[in-house]
Amino acid sequence: MTTPVYENFINGHFLKNQTGDTFAVTNPATGEVIYHVEIADEFIQNAAIESAKQGFAAWSAMTPIERSRILLKAVAILRERNDELAKVEVLDTGKPWQEAECVDVETGADVIEYFAGLAPAQVGQQQIVGNDFYYTRKEPLGICAGIGAWNYPLQIACWKSGPALAAGNAVIFKPSEETPLGAIKLAEIFIEAGVPAGVFNVVQGAAEVGQWLTANPNIEKVSFTGEVGTGKKVMASAAGSLKDVTMELGGKSPLLVFDDADVSQAVSAAMLGNFYTQGEICTNCTRIYVHKNVYQQFIDELKTRTEQNIIAGDPMDPEVNLGALISKKHQELVLGYIDKGIQEGATLLTGGKALSPASAPNGYFVEPTVFVDCKDDMTIVKEEIFGPVMSVLVFDDEDDVIQRANDTHLGLAAGVFTKDIQRAHRVIHQLQAGICWINSYGNSPAEMPVGGYKQSGIGRENGIETLDHYTQTKSIYVGMSNIESPF
Ligand code: NAD
């Protein structure tokens, strides 16, 4: 059976490359190639820049309210096509349908809707200075590049294009080579909604295409989502033309469970923050610090619920709540970390092996895995695994656990479970992380800015401040009296 071949999406339509080079995309739940994609060669790259220049000229000339109206049409189409788009995400990523159906498209659409609403409300300032005055304009940057990871492909494309387009920029987006279809679907939807051709372009490929974007002097900004190591390369390359950067990188986030917490709620948070999207979420609380007084109760409930309530299998089955990891390579990486945990002396509470569910026997599944008796210096406690692997640690003292939680070069997220309202805020204020939850974990509404401290990132996505990251301020001084000149 022949599989479809998708071309790059440039200037409002699909455009064939000249080299004929393609790459294959595999459904992680079956191990089968489901389609091929053409790689953006030099011809496509040049066309993308020309297209984005024209797109920018047309789009930035529109009023914010016109742009807003068009983006809201795209939001409506995204919601109408929810199920079709959710299926694309399930087949590309291996994540469960029951998640994609209510989260992936929805949270992407929410962010475009949020920024479409904000765009006309963005105002400059004016101030009187003596007899004169100045005013400021919020102007778009020009062409912005987005580079995405594979865990939430459509959502990431929406989170990057929403503020960029609302502010009047053109975008060249490169999805992950593991999950390239969602961004193409979004590009088609933008055209259908009335976004002018050239405003949102999709180029396809792996690191080389990403490197071209980060180095190209016509591009004013790069918004990147991916690993810390790749983020450093992107930033170094972007420095060559002094591009603005937003970095949404990895994490190794702590969840602190105090002895007055609702333990069942804390277990729910720990499971969501380690097993949702089979553990492939950047903000996951992979280090769970539990107070010694509730430690046994916590791990007993965690073990029971993990062993009884998780259903792995064909991700399109609505009953399935644990999908396949993105690739064979990633499955091996995650299993390698599990081996390392065992070698370094952690105790396996549950899980630890590859899975071959009857309904998806060839998929890249890993059992939901919990390690206890973990120590702070173990590899599984220090490094991002990006799979369904949780490390549980015990603590006794508040100040000590805060220091342990902060003892990492990462700082994406953190959480606290306690019924003591003063402790909740006191502790969370001391945790070095950009996204924090109290008696909750993982929710990330469009209104809330998200991004990392330390090496987990630079800049923010979502929330009002993000619109500023996609504009530049022009100050205009107006002389109202004669110039006093010594010459
Ligand atoms: P990755 O860094 O391997 O790849 C991300 C993207 O960068 C891909 O599109 C890839 O093709 C591209 N790329 C690779 N090398 C490049 C280079 N030298 N120059 C430019 N682009 C290059 O990350 P991944 O494996 O796709 O995603 C998983 C990682 O993403 C995890 O670390 C996870 O924590 C992180 N992540 C972070 C967030 C966040 O919001 N903070 C969200 C999702 C994922």
Side-chain angles (χ1 to χ4, degrees), residues 23 25 28 37 39-40 89 92-95 104 108 111 144-161 163-164 171-183 186 202-216 219 221-239 243-253 277-284 286 325-327 329-330 333-334 337 383-387 408-413 434-435 444 450-462 466 469:
F23 61 92
V25 178
V37 179
I39 297 172
E89 296 300 82
D92 270 12
T93 63
K95 68 172 65 187
D104 291 57
V111 166
C144 299
I147 300 178
W150 43 255
N151 59 341
Y152 279 80
L154 178 68
Q155 185 209 63
I156 291 173
C158 291
W159 283 22
K160 296 199 183 303
S161 59
V171 170
I172 304 177
F173 186 80
K174 190 197 88 61
S176 165
E177 63 278 21
E178 313 265 13
T179 55
L181 192 49
L186 180 64
V202 180
V203 293
Q204 302 281 11
E208 324 76 65
V209 179
Q211 279 159 8
W212 161 71
L213 280 172
T214 59
N216 190 289
I219 294 171
K221 177 186 172 83
V222 181
S223 178
F224 174 78
T225 298
E227 287 178 10
V228 174
T230 319
K232 289 177 185 175
K233 289 184 199 158
V234 166
M235 202 167 157
S237 170
K243 288 185 191 11
D244 189 14
V245 291
T246 297
M247 293 278 152
E248 295 291 338
L249 310 176
K252 191 74 195 176
S253 303
T277 317
Q278 53 288 332
E280 296 167 332
I281 297 187
C282 52
T283 49
N284 272 356
T286 46
L325 296 183
I326 188 70
S327 63
K329 190 171 153 219
H330 192 56
L333 187 93
V334 171
Y337 272 112
E383 294 183 13
E384 184 183 48
I385 301 173
F386 223 54
T408 163
H409 66 290
L410 301 170
L412 190 58
I435 313 167
S444 195
V450 287
Y453 278 19
K454 301 196 235 178
Q455 293 190 26
S456 287
I458 295 176
R460 293 293 176 267
E461 288 192 319
N462 302 345
T466 295
H469 296 310

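For reference, positions follow the sequence shown, starting with 1. The basis for the numbers below is simple: all heavy atoms, side chains too, and nothing from hydrogens, waters or symmetry mates.
With sequence neighbours left out, the ring-ring contact (aromatic ring centres under 6.0 Å, His included) criterion links F173 to no other residue. By the ring-ring contact (aromatic ring centres under 6.0 Å, His included) test, H469 is found to be paired with no residue, residues two or more places apart in sequence or in another chain being considered.
We find the OG1-NZ distance between T408 and K454 to be 5.5 Å, quoted to the nearest 0.5 Å. Here SG of C144 is found 10.0 Å from CD1 of I172. Values are rounded to the nearest 0.5 Å. Between L333 atom CG and F386 atom CZ the span is 11.5 Å, to the nearest 0.5 Å. The structure places CD of E208 at 8.5 Å from NZ of K174, a figure rounded to the nearest 0.5 Å. Atom CG of residue L410 and atom OG1 of residue T286 lie 9.0 Å apart, to the nearest 0.5 angstrom. Distance check: W150 CH2 to S327 OG gives 7.0 Å after rounding to the nearest 0.5 Å.
Side-chain N/O atoms of S237 and T214 include a donor and acceptor closer than 3.5 Å. Between the side chains of Q455 and K232, at least one donor-acceptor pair of N or O atoms lies under 3.5 Å. Of the N and O atoms on the side chains of T225 and Y152, not one donor lies less than 3.5 Å from an acceptor on the other residue.
Checking side-chain atoms of K243 against main-chain N and O of A145 turns up no donor-acceptor pair under 3.5 Å. Here the side chain of K252 pairs a donor or acceptor atom with the backbone of E383 at under 3.5 angstrom. The backbone N or O of G459 lies less than 3.5 Å from no partner atom in the side chain of T246, so there is not a single donor-acceptor pair. For the pair S176 (side chain) and A149 (backbone), a donor-acceptor distance under 3.5 Å is absent.
Shortest non-hydrogen contact noted between L186 and S161 is CD2-OG, 3.8 Å. Across all their heavy atoms, P180 and F23 have their closest contact at CG-CE1, 3.9 Å. Across G251 and L412, no two heavy atoms sit closer than the pair CA-CB, 4.1 Å. The two residues E89 and P153 have their closest heavy-atom pair at OE2-CD, 3.2 Å. Residue A164 comes nearest to V171 through the heavy atom pair CB-CG2, 3.6 Å, listed as atom of the first residue, atom of the second, then distance. Between T93 and Q278, the shortest heavy-atom distance links the atoms O-NE2, 4.4 Å.
A heavy-atom distance below 4.5 Å is found between the side chains of V111 and N462. Looking only at side-chain heavy atoms (C-beta outward), L213 and V234 stay at 4.5 Å or farther from each other. Considering only heavy atoms from C-beta on, L249 stays 4.5 Å or farther from E227 through its side chain. At least one side-chain heavy atom of V202 sits less than 4.5 Å from a side-chain heavy atom of Q204.
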Stepwise side-chain contact (heavy atoms from CB on, under 4.5 Å) check, H330 with E280: CA-CA 10 Å; H330 192 56; E280 296 167 332; 3.6 Å; yes
side-chain contact (heavy atoms from CB on, under 4.5 Å) evaluation trace for V25 with L181: CA-CA 9 Å; V25 178; L181 192 49; over 6 Å; no
Stepwise side-chain contact (heavy atoms from CB on, under 4.5 Å) check, N151 with T179: CA-CA 8 Å; N151 59 341; T179 55; over 6 Å; no
side-chain contact (heavy atoms from CB on, under 4.5 Å) evaluation trace for D104 with L154: CA-CA 7 Å; D104 291 57; L154 178 68; 5.7 Å; no
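Relative to the six-membered ring of F224, K233 misses at least one condition, a distance below 6.0 Å or an angle of at most 45° to the axis.
Atom OH of Y337 has more than 12 heavy atoms from other residues, nucleotides or ligands within 6.0 Å.
Salt-bridge formation is detected for the pair K160/E461: a Lys NZ or Arg NE/NH1/NH2 atom is positioned less than 4.0 Å from an Asp or Glu carboxylate oxygen.
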